[in-house]
Amino acid sequence: MSLAAEPRTGDRLRPHWMPTGWFQVGWSTDFPQGDVRPLRYFGSELVAYRDSGGTLRILDGHCRHLGGHLGYGGRVEGDCVVCPFHGWHWNPAGRNTHIPYQPDRPNKARRLRVWPVHERDGVVYIWHDALGRKPGSEPPNIFTDVAPHTVALEYHRCAPYGQIKFESLTLHPQLVVENAADPMHFRFVHGVRHFPVFLRRWEDEKHWFSQIGFGSRWREWQPDSHDGDTLSILNAGIGLSYTALSGSLNTLILLGTTPVDVGVSDMFQTVFLEKLPGDDPEVLRTRMAQATAQLPNDIAIWTRQRFEEPPALASAEGRAFRELRRWSRRWYPEIDGVAPLAGAGA
Ligand code: FES
Ligand SMILES: [Fe+2]
């Protein structure tokens, strides 16, 4: 099924499955030097490999000779991925550089699509834009860009315990970023004792941020009213939600939600635990189990949720929610003449 055709079916106000932005496709540890791996995202077959300098390259997966899949049985030679079918070489620019049985004349006309890749702190991102526009910026730095208190702290790497993948969920990434505008669900889905309150909120062209306070002593929109636990959430596009806990725990969590096909996404949960005295593998495993215990409760809701537009909103949640939907619209290019989220914020 074509992703681009999807807005024609069903509710025309639903977000379509081709949002623009950076999206997570795995972790650095998934792509060892010398390996060639198939991937499938945004309805596209892809191939991933590291070139001779170790830079991760992601290209369209089907060879432009006769369509063999480079990700199944392909190998790396120098900077190129070599097709398992007839041995054609493709370089990081998607160009054919060598045909073994016609060495003097590579094919100059055909080209593989090159997907921009960004690798940071053990996380692998690709840039997707259905209209072919280039990325204007990089994904955020989770250690410095989400909450100021984390800058002075030290964190463990996310590997090996803090990398959890949920495959093939019936889940749209829009529902995950809307978590940042939804403090009330923490009471019901996560069992906190008091209704959390918004403390801060801002947005710019690329980001949507909120900070939420937990406990009865926080006052709405007063970030200095208490020093208890807070959760800061920085959405960077539709596919990336960076969260920083502060207070009793200073854990950092990235939720990456990436469309695979219409109706299906993979979700990546990346957790960075603060370095504390006495940490050993056993302690870290226990702390990691605590840090990751709640997400399945969200997933149980999200995978069965219907997208309501416009939603019915109570006054404590209304403004932030409408602003988030309005901000979200920029990440959905108009495809087939259909602008998704057309009524958002109206
Ligand atoms: S299909 Fe790839 S070399 Fe022939
Ligand atoms: Fe939640």
Side-chain angles (χ1 to χ4, degrees), residues 36 38 45-47 49 59-77 80-91 94-103 105-113 164 166 169 171-198 208 210-214 229-235 240-245 249 251-257 265 267-271 290-305 317 320-321 324:
V36 176
E45 288 293 320
L46 311 174
V47 61
Y49 72 99
L59 309 171
D60 268 358
H62 288 118
C63 178
R64 298 303 311 277
H65 173 218
L66 280 168
H69 201 309
L70 297 159
Y72 294 88
R75 62 186 170 81
V76 182
E77 202 169 308
C80 292
V81 59
V82 180
C83 182
F85 203 176
H86 312 92
W88 289 32
H89 291 215
W90 299 92
N91 75 8
R95 300 274 187 201
N96 172 233
T97 57
H98 183 62
I99 299 173
Y101 40 92
Q102 183 180 284
R105 271 185 301 127
N107 184 299
K108 295 215 170 79
R110 296 296 180 95
R111 204 168 168 183
L112 292 169
R113 177 177 174 185
I164 301 170
F166 300 86
L169 301 176
L171 164 61
H172 195 291
Q174 178 69 31
L175 303 177
V176 182
V177 296
E178 292 186 355
N179 202 41
D182 182 11
M184 300 311 170
H185 89 281
F186 287 95
R187 178 82 193 277
F188 303 98
V189 178
H190 305 303
V192 301
R193 287 182 54 206
H194 303 278
F195 287 110
V197 295
F198 283 117
W208 199 96
S210 69
Q211 186 184 30
I212 294 166
F214 293 87
D229 289 354
T230 71
L231 180 66
S232 299
I233 306 178
L234 180 71
N235 290 330
L240 301 172
S241 194
Y242 298 78
T243 64
L245 299 170
L249 293 170
T251 309
L252 293 166
I253 301 177
L254 166 60
L255 289 187
T257 316
S265 298
M267 175 174 264
F268 302 86
Q269 184 184 29
T270 306
V271 183
Q290 290 164 351
T292 56
Q294 288 299 324
L295 183 60
N297 298 333
D298 292 294
I299 290 174
I301 298 281
W302 291 332
T303 51
R304 298 168 177 108
Q305 185 181 348
E317 60 199 0
F321 209 94
L324 176 56

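These numbers come from the heavy atoms of this one structure, side chains and all, not from hydrogens, waters or symmetry mates. Owing to the predicted nature of the structure, the values given are computational and were not obtained by experimental measurement. In each ligand, atom 1 is the first atom listed, and ligand 1 is the first ligand listed.
Atom 2 (Fe) of ligand 1 lies at the vertex of an angle of 110° between the SG atom of Cys63 and the SG atom of Cys83 (rounded to 10°).
Rounding to the nearest 0.5 angstrom, the gap separating the CD1 atom in Ile253 from the OG1 atom in Thr270 is 9.5 Å. Distance check, rounded to the nearest 0.5 Å: CG of Leu46 to CG of Leu112 gives 11.0 Å. Between the CG atom of Asp182 and the CZ atom of Phe198 there is a distance of 7.5 Å, given to the nearest 0.5 Å.
As for His86, its N/O/S atom nearest atom 4 (Fe) of ligand 1 is the one called ND1. Counting just the N/O/S atoms of His65, the one with the shortest distance to atom 4 (Fe) of ligand 1 is named ND1.
Of all the atoms in ligand 1, the ones that sit under 4.0 Å from a non-hydrogen atom of Trp88 are 3 (S). Counting atoms of ligand 1 from 1 in the listed order, those under 4.0 Å from a heavy atom of Gly67 are 1 (S).
For atom 1 (S) of ligand 1, the choice among Leu66, Leu70, Ile99 with the nearest heavy atom turns out to be Leu66.
If you check the side chains of His62 and Glu45, you find no donor sitting under 3.5 Å from an acceptor.
Between Tyr72 and His69, the ring planes are perpendicular. Angles over 60° get that label, and only those under 30° would be called parallel. Taking the six-membered ring where the residue is Trp, His65 and Tyr101 present tilted rings, their angle falling between 30° and 60°.
At a cut-off of 2.8 Å, Asp298 is counted among the residues with an N, O or S atom near the Fe ion (ligand 2).
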